[in-house]
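Have a look at the structure below before the remarks.
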Number of protein chains: 2
Amino acid sequence: MLIFVLMLSFTEENYLKSLFQLTVETALKEEAGTNELAAHLGVKPATANDMLKKLKEKKLIKYEKYGKSSLTKEGKKIAIDVIRKHRLWETFLFEKLEFSWDEVHEVAEQLEHIQSKKLIDQLDKLLNYPVSDPHGDPIPNAKGELLILHQHTLAEELVGHQCKMTGVKDNSSAFLKYVDQLGLAINKNIKVIARHHYDDLIEIEVNGKRISVSPKFAENIFVVCTACKKKSKR
Amino acid sequence: MLIFVLMLSFTEENYLKSLFQLTVETALKEEAGTNELAAHLGVKPATANDMLKKLKEKKLIKYEKYGKSSLTKEGKKIAIDVIRKHRLWETFLFEKLEFSWDEVHEVAEQLEHIQSKKLIDQLDKLLNYPVSDPHGDPIPNAKGELLILHQHTLAEELVGHQCKMTGVKDNSSAFLKYVDQLGLAINKNIKVIARHHYDDLIEIEVNGKRISVSPKFAENIFVVCTACKKKSKR
DNA sequence: TTAATTTGTTAGACTAGCCTAACAATAATA
DNA sequence: TATTATTGTTAGGCTAGTCTAACAAATTAA
């Protein structure tokens, strides 16, 4: 028996998810601009503009002409649900179907829109209620509670800190393969040795070896520092 | 890395699947009419007509104005692939996620359109290469080979025959629940006792008990008869 | 504080997939 | 075979989601 609480298209779900990722999740701000959102979704600003009006009409976002946009409580709930599904599917592909961590994202982008509460709850159970996906990102639980880690990117000022890698920002296959190549992985210990201001490279120690990474690379690696660990909550 | 051999929409895939189910699979004919196809898909004939022209353009079907339609070799390949995915997902939901056989169809209708060869091959492996889904329908293998069973429906003239239930034609939840209620299930032995021409009911013996079923019901139950079993091939 | 740049909006157009209403061809039947 | 019924097609219209091009507002910099 289908219950039509609110039937959203794949597209609408993707807009809500993007908005969540650009605001709440990165925890840096509450709102996102139209161009920023359009770029994140790979569409033109004019297209995003139309959708913002539509989502406002449905009371899923707050939006005023020429202003920034933010999720309403209801919009946030839906966004978190999509993210939960995405990350559970990634975990399933990785744990049960022998996918590598650079392969899971693309397929999960499709699977995240399947509508079936039972499917997701059973998947969660099959995987034994995982708390994070293969990229280290937290999986919201069935109540929509999401662990927001107080993590840094390796590009921040962390010289001398002893850190542990917790995740990646860029989920592209190309980036993840590069991460593998360099011997980095989730839960690896990383010590930040120096920042070379001459060419902006960041020198780190991992697996007992010293390597240098670009700022662009470092920006996409999440870590927590053993020293400045803050408590996290779901 | 995505390979764009031919990117079909969900809708296009559904038209090919329907055409396959109305022709090759039921093995009764090679072609289907526009209205028949439209009815099967739940759209108006005018809508189906547009799509038939489009699929002809893509060389996936044979179609001439005012004529019946049939699948080309390429179209058949795609249809079988969609059916393979549908039935593997049904099996997965039933075997691994505690779905009942009347719940799997609806969700598999969504899952069948996910594009990922690796996903399906791994799912097949996880399920240990099943040959039939929870409704008894054969699952095409990775090469697209499909077991066509020489089965009858219970509505055919089978008085006196000892049969075994092999599947159902109607996959709706309502019908399947009714099948459960009557104590019928795949692999149950069924003996056809009589056809009562007064009210058209068909009397059968199952689980040591005699029950009567309507022609409408009987039409949706597939059986093989121990006497007239023919060899099947994939 | 004006000018330049960035950011956001509007208008108009296109495609896919659906519809209805009117019509044309084919098939069934009297 | 002529008529009726069925089946299939065309024309025109709708919505969702996309685009480009032109323009307007807001922000940044001179």
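To find a chain, count down the sequence lines: A is the first, B the second, and so on, and within it residues start at 1. Every heavy atom of this structure was used, including side-chain atoms; hydrogens, water molecules and symmetry mates were not.
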Counting any heavy atom closer than 4.0 Å, what does A/Ala46 reach on the DNA or RNA strands: base, sugar-phosphate only, or nothing?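 Base contact - A/Ala46 has a heavy atom under 4.0 Å of at least one base atom.
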From [atom1] of [X] over to [atom2] of [N], roughly how many Å is that when rounded to an integer?
X       : N      : atom1 : atom2 : result
B/Leu37 : D/dT9  : CG    : P     : 11 Å
A/Asn14 : D/dT18 : CG    : C1'   : 14 Å
A/Glu57 : D/dA16 : CD    : C1'   : 16 Å
A/Glu36 : C/dT9  : CD    : C1'   : 18 Å
B/Met51 : D/dG8  : CE    : P     : 17 Å
A/Glu31 : C/dT7  : CD    : P     : 15 Å
B/Leu52 : D/dG8  : CG    : P     : 10 Å
B/Lys56 : D/dG8  : NZ    : P     : 16 Å

So, does [X] get its side chain near the phosphate of [N], meaning an N or O under 4.0 Å from OP1 or OP2?
X       : N      : value
A/Asn35 : C/dG8  : yes
A/Lys68 : C/dT7  : no
B/Lys44 : D/dG8  : no
B/Thr34 : D/dT9  : yes
A/Tyr63 : C/dT9  : yes
B/Tyr66 : D/dT10 : no

What's the closest nucleotide to the side chain of A/Thr11 if the choices are D/dT18, C/dT10, C/dC19? D/dT18
By nearest atom, which of the nucleotides D/dT18, C/dC18, D/dT9 is closest to the B/Asp50 side chain? C/dC18
Indicate yes or no: does A/Lys56 engage A/Glu64 in a salt bridge with an N to O separation below 4.0 Å. yes
Between B/Lys65 and A/Thr47, which residue's closest nucleotide on DNA chain D lies nearer the 5′ terminus? B/Lys65
Between B/Ile221 and the options B/Ile202, B/Val179, B/Asp170, the side chain to side chain contact (heavy atoms under 4.5 Å, CB included) test singles out B/Val179
Donor-acceptor contact present, side-chain B/Lys85 to main-chain B/Ile114, <3.5 Å: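 Judged by distance alone, yes, a pair lies under 3.5 Å.
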Do you see a donor-acceptor pair shorter than 3.5 Å between the side chains of B/Glu36 and B/His40? no
Worked verdict on A/Lys17 versus A/Glu112 for side chain to side chain contact (heavy atoms under 4.5 Å, CB included): CA-CA 11 Å; A/Lys17 184 180 65 158; A/Glu112 72 191 5; 2.9 Å; yes
